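Heads up: the structure comes next, in structure tokens.
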2 protein chains.
Amino acid sequence: MKRPTIADVARRAGVSKGAVSYALNGQPGVSEATRQRILAIATEIGFSPSSAARALSGAMARAIGLILARPARTLGIEPFFMELISGVEAELSARSYALTLQVVADQSAEIAVYRRWWGERRVDGVLVCDLRTDDLRVPVLEELRLPAVVIGGPTGTGDLPSVWSDDAAALVETVEYLHALGHRRIARVAGLPDLLHTAIRTQAFTAVCQRLGLAEAVTVSSDYTGEEGARVTRRLLSSRLRPTALIYDNDVMAIAGLSVAQEMGLAVPTHLSIVAWDDSPLCRLVHPPLTALGRDIPAYGAHAARQLLRLIEGATAEGLETETPRLTPRGSTGPAPSSSLTA
Amino acid sequence: MKRPTIADVARRAGVSKGAVSYALNGQPGVSEATRQRILAIATEIGFSPSSAARALSGAMARAIGLILARPARTLGIEPFFMELISGVEAELSARSYALTLQVVADQSAEIAVYRRWWGERRVDGVLVCDLRTDDLRVPVLEELRLPAVVIGGPTGTGDLPSVWSDDAAALVETVEYLHALGHRRIARVAGLPDLLHTAIRTQAFTAVCQRLGLAEAVTVSSDYTGEEGARVTRRLLSSRLRPTALIYDNDVMAIAGLSVAQEMGLAVPTHLSIVAWDDSPLCRLVHPPLTALGRDIPAYGAHAARQLLRLIEGATAEGLETETPRLTPRGSTGPAPSSSLTA
DNA sequence: ATCGATCATTGAAGCGCTCCCAGGTGGTCT
DNA sequence: AGACCACCTGGGAGCGCTTCAATGATCGAT
């Protein structure tokens, strides 16, 4: 089966290639009647303009890129990225943009791919995830002038616009909630320490604990995996003055932590309260269901995609704050054990 | 910053565009010394050939496509796809192929995207997931002569090569294992009924139960979500002669089922044994950890990608059987309750 | 009826690459 | 030494599209 080209459409419509191009792209230059006739013929013979030829003649590639630089192991289990992608897709496919995905080992590989994509003109813009402190990708993208929207921030994104949510506020709300429940020893199991949002959360955590006079506020770094989450939890719960509440930076670690608590004979929430970040169906599946900080991740991705498309179309996209994660109390949080109040 | 073109490289190397093209593509026609010099200059000025121009001159687009046609809700939570993708990526990025991903609502949308991609010459081939019985995508892809590898099968793939694993054998092994543990009433919570692998598993389940004389072998359809898994489990466990063992078609439903059992006061594995398909870190996170049928999903994706690349390069790819899922016994399976043996 | 003005339409020039083909260079053979 | 082969090299056509400049047609106004 031969792929139809613009010339085939032109011939059947009895017009020139130029006219077909105008008709297809909604440009002035053809009468409305002709445009309709051309469109009808294009549909009839199943013509879609070659993206390569289009991109070559200066037009856009109609594709955006997304690079994931986490170990494959953690990628699979965290629902975050898949949800993000489905949100991005919803926005893109409505405008028939394609999403080009790449999974790489580390940041330097990621930068190399950006450079390659730029040279290949493969994508019109990119979405940047997992912003780090002093992120090396930002200056590179600025230098290449490759349209980019950062998912995360709002600081440390240079001149690149970003889409972000107020993690600090969400964390403050959570700590205050636990404080109101009587908890005085609260620990936090954080994600990868060089991710910017980890730093933001840690800072907010330290600040609010200080304000509330919680001296024992500890943050322990981890890597989002269940194994690490379990290990860290075991250590925290073995300490002399063990925390009465734990806040985890993702759902997987929280579930692992819940298992550890149960295995150590600590009832949740009677002896220990648990809060997970990134609410997901998983949090509702376990017993007790986890109190979690959730937000609409597909919508987050959709926002980012929309900003990027706007940027590609030449608008000057600004940073955009999305909803602050909401705390959904479930069975895993309760009043602090009374002994601990007096301790 | 201006993107370098092949002409820039040619000028700096003092050769013609043609020579640069040959040098870059490993074609004969330039001396080894010249090739090295050209390559060095290309690297130095950061040149990557425009994928559009390349694709336009008859070469490949160096991209393959993958379409996911599941509701966004179930996409996020199942680690399967993300793991599959990371395996596919590993194979692709080694050859600097790009992966174009699209999430669509249903099969007809998927077919429309295939047609569009084909017209746009956007991808050189596609990977087809979630094969159905009488799958409509197969004839379309055959008609378009778009290179495609089916993930699943081995039947129902028409002339398209497939990558598959012997689910039937895995299921037989599982049932025999449960039978050896004394279980006589085994039920299965299946995935979406029109997926081909669901049909294959159901058929195998029915057959092996018949062979072992297990009359009460029930298969109930579900949709892979935790909610549905919980609902179905609740119904199964409320029946008069409740099963002593449950086999779930994915991990999420198994975990939901575990929660339901615990909520109904049934100890696992004392009163009820549970087996999950698709082993994942999740299965190890819950209590008791789930006995599961697992396989190396990234490797599965890598195999599929490799077959597709081979097909694109003109080889005639055959179907490829990958490892049969392995049963990993963990804490969720044990001897059948003695009362049930006599029942 | 004639002349601009206006608008639909067309032809052609690229975009950056691949690949064919003619032509050049040096080395080998008789 | 002259003819003949490799083996390279550089020019150029063409891939399918966009877009600009130029053409032709239409129409109202004079």
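Keep in mind that what you see is a predicted model, and the values were worked out from it rather than measured. Here is the naming used below: chain letters follow the sequence lines, and residue numbers restart at 1 for every chain.
- Here the P atom of nucleotide D/dC17 and the NZ atom of A/K17 are 8 Å apart, to the nearest Å.
- Here D/dT18 presents its C1' atom at 12 Å from CE of A/M60, a figure rounded to the nearest Å.
- For the 3.5 Å distance criterion, the side chains of A/S165 and A/R295 qualify, holding a donor opposite an acceptor.
- Taking the centre and axis of the six-membered ring of B/F81, the NZ or CZ atom of B/R70 falls outside the cone set by 45° and 6.0 Å.
- The distance from atom CD1 of B/I38 to atom C1' of D/dT9 is 10 Å, rounded to the nearest whole Å.
- Nucleic acid contact class of B/S50 (heavy atoms, under 4.0 Å, all strands): sugar-phosphate only.
- Under 4.0 Å is where a charged nitrogen must lie from a carboxylate oxygen, and between A/R12 and A/E44 at least one such pair does.
- Between B/R54 and C/dT18 there is a side-chain polar atom (N or O) within less than 4.0 angstrom of OP1 or OP2.
- OP1 or OP2 of D/dG16 has not a single side-chain nitrogen or oxygen of A/T5 nearer than 4.0 Å.
- By the 6.0 Å and 45° rule, A/R35 does not stack over the aromatic ring of A/Y22.
- If you measure from atom CZ of B/R122 to atom P of D/dC17, you get 13 Å, rounded to the nearest angstrom.
- Across all strands shown, A/G14 has heavy atoms under 4.0 Å from sugar-phosphate atoms exclusively, and none from any base.
- Taking atom CD1 of A/I6 as the reference point, atom C1' of D/dC15 lies 13 Å away to the nearest angstrom.
- For the pair A/V20 and B/S57, nearest-nucleotide mapping onto DNA chain D gives the more 5' position to B/S57.
- Between the side chains of A/Q107 and A/D130, no donor-acceptor pair of N or O atoms lies under 3.5 Å.
- Here the P atom of nucleotide C/dG16 and the CZ atom of B/F47 are 10 Å apart, to the nearest Å.
- When the C1' atom of C/dC17 is taken as reference, atom CG of B/D8 falls 13 Å away, rounded to whole Å.
- With hydrogens and angles left out, the side chain of A/Y22 and the base of C/dC7 share no donor-acceptor pair within 3.5 Å.
- Nearer to the 5' terminus of DNA chain C, by closest-nucleotide assignment, is the contact made by B/L56 (compared with the other of B/L56 and B/G18).
- If you measure from atom CZ of B/R121 to atom C1' of C/dC17, you get 16 Å, rounded to the nearest angstrom.
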